[in-house]
Amino acid sequence: MTRAFALLTAIAAYLFFFATFLYLIAFTGNLPVVTKTVDLPPGTGGAMRWALDAGLIALFGVQHSVMARQGFKRGWTQIVPQPVEPSAYVALASLMLVLLFAFWQPIPGMIWQFDGWMALLLWALFAAGWGIVLISTFLINHFELFGVAQAWRYATRKAAAPPEFRTPLFYRAVRHPLYAGFFLAFWATPAMSYGHALLAIGMSAYMLIAIRFEENDLVRVFGHQYESYRRRVGMLLPRIGHRN
């Protein structure tokens, strides 16, 4: 693989991710800028819809978690060149979301529906959640997270800096602000349908499992430094799980 091709591949994967991320916001929020969302077009009930939607969430979760593990990466890089391995992961994760968007079956029935000031508050929390997600990626190196930095270093023949443990801004209050933002984004809605609730529950379960795996990886990399941080700082909310 040439260095220029590796960089172009990484950029293409990043643009694919970013378009998918924007669609996810519209999909989750039932925003009228897209025609297919978590609740649109309106569907009917039925066990098959529940099973299909749950399967799509599980497919995303399995791909996202399994491919992120170091053991899988060691085998995967025998097929995919190391400089574009992160980009391949990003592209496949985005593809799993595209499949979810394409085959998702809206499930009718409302759990809650608010108007007035309560709806405005929930919309504000929805927007804040996505904002926290995006800002958090930049706090931990946005382009490294999505594979562009690795391909850039390969293309320019630069070595990667050693991993550095940092806790900027949100990370001083919670260990996983990116996931905390996703929790807000999935749950803060003025109109919670059964289908939306299934998406929120499924994604929440996936994130709680993913956090456990990620923290094990972080302990292996940073050792006692991360263990001390974990004792002092809450997982998703400030001071939750705090121990002296």
Leu7 versus Ala151, closest heavy-atom pair with distance: CA-CB, 4.0 Å

Rounded to the nearest 0.5 Å, what's the gap from CD1 on Ile132 to CG on Leu178? Could you check? 10.0 Å

Can you get from Leu8 to Val80 by hopping between Ile, Leu, Val, Met, Phe, Trp and Tyr side chains that sit under 4.5 Å apart? no

Taking 4.0 angstrom as the limit, do Glu144 and Arg153 come out as a salt bridge? yes

May I ask you to test the Arg166-Tyr171 pair for a side-chain heavy-atom distance under 4.5 Å? no

Are side-chain heavy atoms of Glu227 and Val219 found at a separation under 4.5 Å? yes

Would you say the side-chain atoms of Lys73 pair up with the backbone N or O of Met67, donor to acceptor, closer than 3.5 Å? no

pair Met203-Trp187: side-chain heavy atoms closer than 4.5 Å: no

Taking it one step at a time, do Thr37 and Leu31 satisfy side-chain contact (heavy atoms from CB on, under 4.5 Å)? CA-CA 8 Å; Thr37 73; Leu31 302 183; over 6 Å; no

Just by distance, do the side chain of Thr77 and the backbone of Arg74 share a donor-acceptor pair under 3.5 Å? yes

Could you report the tightest heavy-atom contact between Val90 and Leu145, atom names first, then the distance? CG2-O, 4.3 Å

If Ile, Leu, Val, Met, Phe, Trp and Tyr residues are connected whenever their side-chain heavy atoms lie under 4.5 Å apart, and connections chain through other members, are Val174 and Leu125 in the same group? no

Determine whether Leu59 and Met48 fall in the same hydrophobic cluster, where Ile, Leu, Val, Met, Phe, Trp and Tyr are linked whenever their side-chain heavy atoms lie under 4.5 Å apart. no

Measuring from atom CD1 of Ile11 to atom CH2 of Trp152, what distance do you get when rounded to the nearest 0.5 angstrom? 8.5 Å

If you apply the rule side-chain contact (heavy atoms from CB on, under 4.5 Å), what do you find for Phe21 with Val133, and how did you get there? CA-CA 11 Å; Phe21 175 76; Val133 168; 3.9 Å; yes

Gap separating the CD atom of Glu214 from the CZ atom of Arg175, nearest 0.5 angstrom: 11.5 Å

Hey, quick one: are Phe213 and Leu236 part of the same hydrophobic cluster, counting side-chain heavy atoms closer than 4.5 Å, chains of contacts allowed? no

Under the side-chain contact (heavy atoms from CB on, under 4.5 Å) test, residues paired with Phe126 that sit two or more places apart: Ile25, Thr28, Trp123, Trp130, Ala188

Between Leu52 and Arg49, is there a side-chain heavy-atom distance shorter than 4.5 Å? no

Steps toward side-chain contact (heavy atoms from CB on, under 4.5 Å) verdict (Trp104, Asp53): CA-CA 6 Å; Trp104 181 264; Asp53 291 349; 3.4 Å; yes

Indicate yes or no for a side-chain donor-acceptor contact from Gln105 to the backbone of Phe103 under 3.5 Å, with no hydrogens or angles considered. yes

Assigning hydrophobic clusters by single linkage (Ile, Leu, Val, Met, Phe, Trp, Tyr; side-chain heavy-atom cutoff under 4.5 Å), is Leu40 placed with Val34? no

Between atom OG of Ser228 and atom CZ of Phe165, what is the distance when rounded to the nearest 0.5 Å? 8.0 Å

Any side-chain donor paired with an acceptor under 3.5 Å for Tyr154 and Gln82? no

Reported OH-to-CG distance for the pair Tyr89 and Leu92, which is rounded to 0.5 angstrom: 10.0 Å

Would the distance check show the side chain of Ser204 and the main-chain N or O of Ala200 forming a donor-acceptor pair, the cut-off being under 3.5 Å? yes

Using 30° and 60° as the class boundaries, would you call the ring planes of Trp50 and Tyr194 parallel, tilted or perpendicular? tilted

Hey, can you tell me if Tyr14 and Phe143 have their rings parallel, tilted or perpendicular (30° and 60° cut-offs)? tilted

Applying side-chain contact (heavy atoms from CB on, under 4.5 Å), run through Met192 and Gln113 and close with a yes or a no. CA-CA 6 Å; Met192 178 63 80; Gln113 188 162 12; over 6 Å; no

Answer yes if the ring centres of Phe18 and Phe146 are under 6.0 angstrom apart, and no otherwise. no

Write down the atom of Tyr179, the atom of Ala210, and the distance for their closest heavy-atom approach. OH-CB, 3.7 Å

Please report the interatomic distance CG(Asn30) to NE2(His196), rounded to the nearest 0.5 Å. 7.5 Å

Whether the side chain of His142 engages the backbone of Leu134 through a donor-acceptor N/O pair (distance < 3.5 Å, no angle test) should be reported. no

Compare all side-chain heavy atoms of Pro106 with those of Val38 and state whether any distance is below 4.5 angstrom. no

With under 30° as parallel and over 60° as perpendicular, where do the rings of Phe27 and Phe101 fit, or are they tilted in between? tilted

Can you find a heavy atom in the side chain of Leu122 that is under 4.5 Å from one in the side chain of Thr189? no

Please give me the minimum heavy-atom distance between Ser87 and Gly147, naming the atom from each residue. OG-O, 3.6 Å

Validation row: His176, Glu215 side chains within 4.5 angstrom (heavy atoms): yes

Looking at side-chain heavy atoms only, is the closest gap between Pro86 and Gln150 below 4.5 Å? yes

Single hit among Thr20, Leu24, Leu15 for side chain to side chain contact (heavy atoms under 4.5 Å, CB included) with Ser94: Thr20

The single option from Phe182, Tyr206, Phe72 passing ring pair (Phe, Tyr, Trp, His ring centres under 6.0 Å) against His64: Tyr206

